[in-house]
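Predicted, not measured: the structure shown is a model, and the values here were computed from it. Each chain gets a letter, A, B and so on, in the order its sequence line appears, and its residues count up from 1.
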Amino acid sequence: MKGVDQEEVSRRRGIYFQGFGIYGGLSGLYDYGPYGARIKDKVIRIWKEIMLSEGNIAEFDGTTITHTQVLKASGHYDRFFDYSIECTKCHTKYRADDLIEKMGVAATLDKKWLQDKILELEIRCEKCQGDLGEVKIQKLMFPVEQGENLEPLFLRPETAQGMFVNFKEYYRFFREKLPFAMITVGRGYRNEISPRRAIFRLREFNMMECESYFDPKNEKWVREPDNEIKVTFLTNEGKEIKATSKEAYDKGIVKSQPMAYFFGLALRFYSKVGIDLEKIRYRQHKKEERAHYSSETWDAEALTDIGWIEITGNSHRGTFDLTNHIRSSGKDLYAQRIIPKREEFQKVKEIDYKKVKSEYPDISSKIIAAMKEGKTEVTIDDKNIQLDRFTIEREEKVVVDRESFVPVVIEPAFGLDRILYAILDHNLSSREDSGYAYLKIPYSISPYDAVVLPLMNKDGMDESAGKIFEDLLKSKFSVLYDDSGSIGKRYSRYDEVGIVYCITIDYDTIKNGDVTIRHRDTKEQIRIKIEDIPRYLGSDPWNGKAN
RNA sequence: GCGAGUGUAGUGUAGCGGUAGCACAAAAGCUUCCCAAGCUUUUAACCCGGGUUCGAAUCCCGGCACUCGCACCA
């Protein structure tokens, strides 16, 4: 907090605001307005630019409505529930399954079962010994109707699954070479029990996820982790260390090399979008906090006015997802590795057609059919025939030079809305002298390149400004035009939404053909020729630390 | 989802049974050659629904939303 309320500014200036406001709003749904939508778009672009410039990362754009079988395989369908129970006296809330498991009984995730078990075990409120009420189910996925006689489908609770099920497409795209990764930017949906703090916890949210695939025998990214940016690592043993990603990996703090590599990428990204790296830390999940499938999890957290908030989750998902989809779909989602050539003798079983025909010339086709079905005996015309003796076994020499395996997955999942929350929190400041707010985000995510401002609306300044504005639009710059209010008021207007440059047209413009360009942060102005404006803006002249 | 509290122009607030005021913002005009100046004018609100009452923003009930706490965040 710097004396400026992010939510107030956002509402007032159209960065973000509650969805469906004229109808009283809907909990957990927020819209991005004229400035917010542009900032968001630029943040996405920077992220993609960084990820895609790795060379072995490709983009995926999947649907949000998801095949139910996918969610059954991933575990969401059966586990994405919250069975809660509340004390009727003091209203403390518990998870019903937790209470039962604390009694040393394995819980079955079924409402009636849980309810009965709680009565049977005579479980009472831990705090006040009061009676517990009814078990309530909170479903955390959003169903979507798909037709009269069909089961509802669900909106995806994460973008990851869409990528996993398309693993093979991308495996082919990368010509069957690991490691590679897929990225998706898109929306996810979770029926959060109590969404709060504006865009911090939403029911429909934006994420940018990356699924990277590795041979478990060679879990390394193609490049070394970053060794420049230092950040705080907080281990699950409570150790706090400031280190670069490479150091953290070398010292064994971060076990997974790719994970350490992605930390470096993420830090470059955070820094580029104006997140203060002094307010970033990596916190390792404790065992009990970790998702069931993960062997190593680190959250990147940002310090904001509401404390440390998770902005990116990094999970080592192992082979969990692909194994489940292989099992569930019966399809091949394996990768292959080249191994040293070796010759092997495999036992091959074959049907001895000659023998069958010579012994049972009339019913040979029936016998062969039964053998092909894998039967060991068959009864034809009341005759019981053992089939083993028609099998011949022989050894065959085969050359083996590859083997199949299930790739392991390492997933950095960026919460876009929370990243935007952190960006606003870290950059919304107030001027020391006047107290007015200004948003010191980098030029690269500034909602517009510049604003064109005639100093006054007369003596040809307005015409001149109008022409400069039109020319900039034609040159593909995103610019605004504003001629209302005093010049100081207008500067402040755009300071507040993070626009870096104000181009002011004054009397000298008419005389000399030059304009002043004012910088948001320093309030300093320089004079340049009108024809130099595109070059000046195009050179991305931001020189602050955030670049 | 529970408990407590809150909901008034775009934003921040006053009014708390007699028919909505202020500040900032916004718009028009005048003025002003550079950091929310001044003057004039204007636009604009009682979260939604029901009840009590001659009369409700105000009291009551229900809903919705927000804040905090608990829980949740796989």
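Between A/Y30 and A/F17, the distance separating the two ring centers is not shorter than 6.0 angstrom.
Distances shown here put every side-chain N or O of A/Q18 at or beyond 4.0 Å from the OP1 or OP2 atom of B/A65. Listed pair A/R197 / B/C68 meets the phosphate criterion, a side-chain N or O lying under 4.0 Å from OP1 or OP2.
Heavy atoms of A/S27 sit under 4.0 angstrom from primed sugar atoms or phosphate atoms, though from no base atom. Here A/S434 lies out of heavy-atom contact (under 4.0 Å) with every strand. Using a 4.0 Å heavy-atom criterion, one finds that A/R11 contacts the sugar-phosphate atoms exclusively. At a threshold of 4.0 angstrom between heavy atoms, the contacts of A/R493 are confined to the sugar-phosphate backbone, with no base atom among them. Within the nucleic acid shown, A/E310 has no heavy atom closer than 4.0 Å to any nucleic acid atom. If you check every strand for non-hydrogen atoms under 4.0 Å, A/G28 touches sugar and phosphate atoms only.
Distance from the side chain of A/E8 is smallest for B/U11 among the nucleotides B/A26, B/C34, B/U11. Out of B/C73, B/C34, B/C2, the shortest distance to the side chain of A/Q525 is found at B/C34. Of the listed nucleotides (B/A37, B/C66, B/C72), B/C72 has the atom at the smallest distance from the side chain of A/I193. Side-chain atoms of A/E158 lie closest to B/A74 of the nucleotides B/C34, B/A74, B/A36. The side chain of A/S484 lies closest to B/A27, out of B/G12, B/C33, B/A27. Closest contact between the side chain of A/R201 and the listed nucleotides B/C72, B/U32, B/G1 involves B/C72. Side-chain proximity of A/M456 to the nucleotides B/C33, B/C34, B/A26 is greatest for B/C33. Checked against B/A74, B/A36, B/C68, the side chain of A/R190 finds its nearest nucleotide in B/A74.
Look at CD1 on A/I306: it is 11 Å from P on B/G69, rounded to the nearest Å. Computed from coordinates, the A/R13 CZ to B/U11 P distance equals 13 Å when rounded to whole Å.
Distance check on atom P: B/G63 versus B/A4 gives 13 Å, rounded to whole Å. Here the separation of B/A36 from B/C24, taken at their P atoms, is 14 Å to the nearest Å. Taking the C1' atom of each, B/A44 and B/A25 are spaced 11 Å apart, rounded to whole Å. Rounded to whole Å, the separation between the C1' atoms of B/G3 and B/G12 comes to 29 Å.
The aromatic rings of A/F233 and A/W298 sit perpendicular, their planes meeting at an angle over 60°, well past the 30° parallel limit.
Shown here, B/C30 forms a base pair with B/G38; the pair counts as Watson-Crick or G-U wobble because both key distances fall under 3.5 Å. B/U53 is unpaired under the criterion used here, namely a Watson-Crick or G-U wobble arrangement in which both key atom distances are under 3.5 Å. Under the Watson-Crick or G-U wobble criterion, with both distances below 3.5 Å, B/G3 is paired with B/C68. As the counterpart of B/G21, B/U13 is assigned, both hydrogen-bonding distances of the Watson-Crick or G-U wobble pattern falling under 3.5 Å. Base pairing analysis places B/A44 opposite nothing; no Watson-Crick or G-U wobble pair with both distances below 3.5 Å involves it.
Side-chain contact check for A/D321 versus A/M163: every heavy-atom pair is 4.5 Å or farther apart.
In terms of position along RNA chain B, the nucleotide closest to A/R518 lies nearer the 5' end than the nucleotide closest to the other residue of the pair A/E7 and A/R518. Take the nearest nucleotide of RNA chain B for A/L140 and for A/L455: the residue whose nucleotide is more 5' is A/L455.
For B/C34, its base sits under 3.5 Å from the side chain of A/Y491 at one donor and acceptor pair at least.
Environment of CD in A/E122: sparse, with no more than 12 heavy atoms of neighbouring residues, nucleotides or ligands closer than 6.0 Å.
A cation-pi contact links A/R281 to A/W308, judged by a cut-off of 6.0 Å to the six-membered ring centre and 45° from its axis. Taking the centre and axis of the six-membered ring of A/Y189, the NZ or CZ atom of A/R203 falls outside the cone set by 45° and 6.0 Å. A cation-pi arrangement, defined by a distance under 6.0 Å to the six-membered ring centre and an angle within 45 degrees of its axis, is present between A/R38 and A/Y448.
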